[in-house]
Amino acid sequence: MEDAKQLEAFEAKIAAGQKIEPKDWMPEAYRKQLVRMMSQHAHSEIVGMLPEGNWITRAPSLRRKAILLAKVQDEAGHGLYLYSAVETLGVDRTELLKQLHNGTAKYSSIFNYPTLSWADIGAIGWLVDGAAIMNQTALARGSYGPYSRAMVRICKEESFHNRQGYEIMMTLAQGTPEQKALAQDALNRWWWPAVMMLGPSDDQSPNTDQLMRWKVKMESNDAIRERFIDRTVPQAEFIGLSVPDKDMKFNKETGHYTHGPINWDEFFQVIKGNGPCNANRLKARADADKNGAWVREAAMAYAAKQMKEKEVA
Amino acid sequence: MSQDSQWPVWEVFLQANPGISHKHVGNVHAADAEMAIQNARDVYTRRSEGISIWVVPANAISASSPEDQGAFFEPSNDKPYRHPTFYKIPDGVKYL
């Protein structure tokens with residue numbers, strides 16, 4: 001059968017470390033999974049602009065404001081790279097946005113939590129972008145060319161996000177007792193959501209074997225989570241903050257931290273739409289889309305008119 | 001044209017430094033060429049990655065097909081004599 005031969009060639013190519021490009025033959029399950037993953041990733045980038053955008057007008061200094069603006073602009077760019085990557089598989093961006101707005105497509109659970117204080121902007125850059133980097137550096141080695149290239153570009157830019165967040169936390173932690181308390185409070189609220197955003201534990205995550213063989217997923221959720229925790233806990237200690245997990249202990253034998261139980265019920269509730277900000281985030285996105293529709297139409301009408309005038313001239 | 005379009009796709013080529021060729025970096029959506037160049041600047045050169053941008057309507061690009069890759073590029077595989085290393089020149093001969 002033709003398909004079996006094609007599948008064999010496809011898997012051999014991946015095993016040899018070659019990238020799959022948009023026009024290459026690919027199994028339907030591979031294509032479907034990539035569309036799901038990449039669009040979810042793209043949606044996360046642009047929904048992720050909302051909690052941070054919330055603080056642009058209230059940033060404590062011009063320096064912080066300029067940095068936050070640049071970071072939020074980067075997130076828009078990341079969304080664009082990723083939507084482009086999904087479009088290489090023949091799915092139109094209009095369709096992708098429709099799926100986001102009607103709730104059939106998901107985005108990262110983490111963006112359904114509110115940003116209550118300035119310290120949350122520090123916590124997001126440090127923890128949320130930090131966790132995202134762990135995931136994305138793995139995905140940059142994935143088999144689908146356009147996704148992998150988008151990841152390489154994104155990872156280069158995320159490092160700035162991560163460091164500016166840590167700098168905010170460090171500045172607060174070295175400030176007045178009230179400022180330090182703000183930083184600790186932000187860490188308390190963002191720690192568990194950040195640990196959870198790397199996805200369900202391996203025993204609850206189906207399909208992983210095939211996705212690993214096809215290099216759609218490069219590492220298991222738990223492996224990435226462990227690396228995130230190992231790197232982040234000492235960073236917290238360095239600035240005199242502590243992660244809100246009384247069971248967190250360094251295990252000398254394994255060289256890794258062991259953590260307390262994760263509240264997966266909370267994670268699945270947020271994914272289902274019952275997080276503190278789900279409705280608010282979706283409404284903000286849908287409103288932006290609706291309110292921008294006339295701009296898109298007017299620009300197309302203007303372009304058509306210019307084209308006509310050129311032809312006449 | 002659909003009621004609410006996300007604008008046509010333009011492929012973006014960037015020249016990183018003077019004297020080297022433009023290289024494909026990705027694409028943007030835009031209503032016209034001018035907007036495509038501005039969007040490309042905002043999306044692909046936020047960290048001084050380029051000094052010149054080309055944009056091309058994506059539907060204006062034709063590409064060779066991956067299935068025919070072998071046969072299509074075959075003619076060059078059996079002509080090793082196009083490469084300078086094909087020719088044996090004695091050690092004593094200079095500047096050749």
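In what follows, every chain begins at residue 1, and chains take the letters A, B, ... in the order their sequences are listed. Treat the numbers as computed from the prediction; the structure is a model and nothing was measured.
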Colleague: Out of A:H78, A:R93, A:K23, A:E87, return the one with the most heavy atom pairs under 4.5 angstrom to chain B.
Modeller: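 The residue among A:H78, A:R93, A:K23, A:E87 with the greatest pair count is A:R93.
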
Colleague: Considering non-hydrogen atoms only, spot the tightest contact between B:M35 and A:A299 and give its length.
Modeller: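 What the structure gives for the nearest pair is CE-CB, 3.7 Å.
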
Colleague: Chain A contacts: which residues in residues 78-96 of chain B have a non-hydrogen atom closer than 4.5 Å to it?
Modeller: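 Within residues 78-96 of chain B, near chain A: nothing under 4.5 Å.
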
Colleague: CH2/B:W7 to CZ/A:R296 distance, rounded to the nearest 0.5 angstrom?
Modeller: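 If we round to the nearest 0.5 Å, B:W7:CH2 and A:R296:CZ are 7.5 Å apart.
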
Colleague: Should we say atom CH2 of A:W25 is surrounded by more than 12 heavy atoms from elsewhere, each under 6.0 Å from it?
Modeller: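 For A:W25, atom CH2 is crowded (more than 12 foreign heavy atoms under 6.0 Å).
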
Colleague: Does A:E28, at its CD atom, have more than 12 non-hydrogen atoms belonging to other residues, nucleotides or ligands within less than 6.0 Å?
Modeller: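 Yes, the 6.0 Å shell around CD holds more than 12 heavy atoms from other groups.
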
Colleague: For A:R153, is it the side chain, the backbone, both or neither that has a heavy atom under 4.5 Å from a heavy atom of chain B?
Modeller: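 For A:R153, the side chain is the part near chain B, not the backbone.
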
Colleague: With side-chain contact (heavy atoms from CB on, under 4.5 Å) as the criterion, how do B:R46 and A:E157 come out once you've worked through the C-alpha distance, each side chain's angles and the decisive distance to 0.1 Å?
Modeller: CA-CA 10 Å; B:R46 288 196 302 280; A:E157 302 185 346; 2.9 Å; yes

Colleague: Heavy-atom count around B:Q38 CD within 6.0 Å, excluding the residue itself: above 12?
Modeller: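 Result for CD/B:Q38: enclosed.
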
Colleague: Let me confirm one number: the CD-CG distance from B:Q69 to A:D24, rounded to the nearest 0.5 Å.
Modeller: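 Atom-to-atom, B:Q69:CD and A:D24:CG are 8.0 Å apart.
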
Colleague: Side chain from CB out, backbone as N, CA, C, O: work out which of these in B:V25 comes under 4.5 Å of a heavy atom of chain A, or both, or neither.
Modeller: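 Both backbone and side chain of B:V25 come within 4.5 Å of chain A.
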
Colleague: Are any side-chain N or O atoms of A:Y81 and backbone N or O atoms of B:V43, one a donor and one an acceptor, separated by less than 3.5 Å?
Modeller: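 Yes, because the side chain of A:Y81 sits within donor-acceptor range (under 3.5 Å) of the backbone of B:V43.
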
Colleague: Is A:E21 in contact with chain B via its backbone, its side chain, both, or neither, using a 4.5 Å heavy-atom distance?
Modeller: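 Contact with chain B is absent: no heavy atom of A:E21 under 4.5 Å.
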
Colleague: Whether A:D74 and B:R47 form a salt bridge (side-chain N of Lys/Arg under 4.0 Å from carboxylate O of Asp/Glu) is what I want to check.
Modeller: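 Yes, this pair counts.
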
Colleague: About how many Å separate CG of B:D42 and CD of A:Q73, when rounded to the nearest 0.5 Å?
Modeller: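 The distance works out to 6.0 Å.
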
Colleague: Between A:Y83 and chain B, which part of the residue has a heavy atom less than 4.5 Å away: side chain, backbone, both or neither?
Modeller: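 For A:Y83, neither part sits under 4.5 Å from chain B.
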
Colleague: Can you tell me how far CG of B:N39 sits from CG of A:L80, rounded to the nearest 0.5 angstrom?
Modeller: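 It comes to 8.0 Å.
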
Colleague: Checking B:A58 against chain A: side chain, backbone, both or neither under 4.5 Å from a heavy atom?
Modeller: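 Neither part.
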
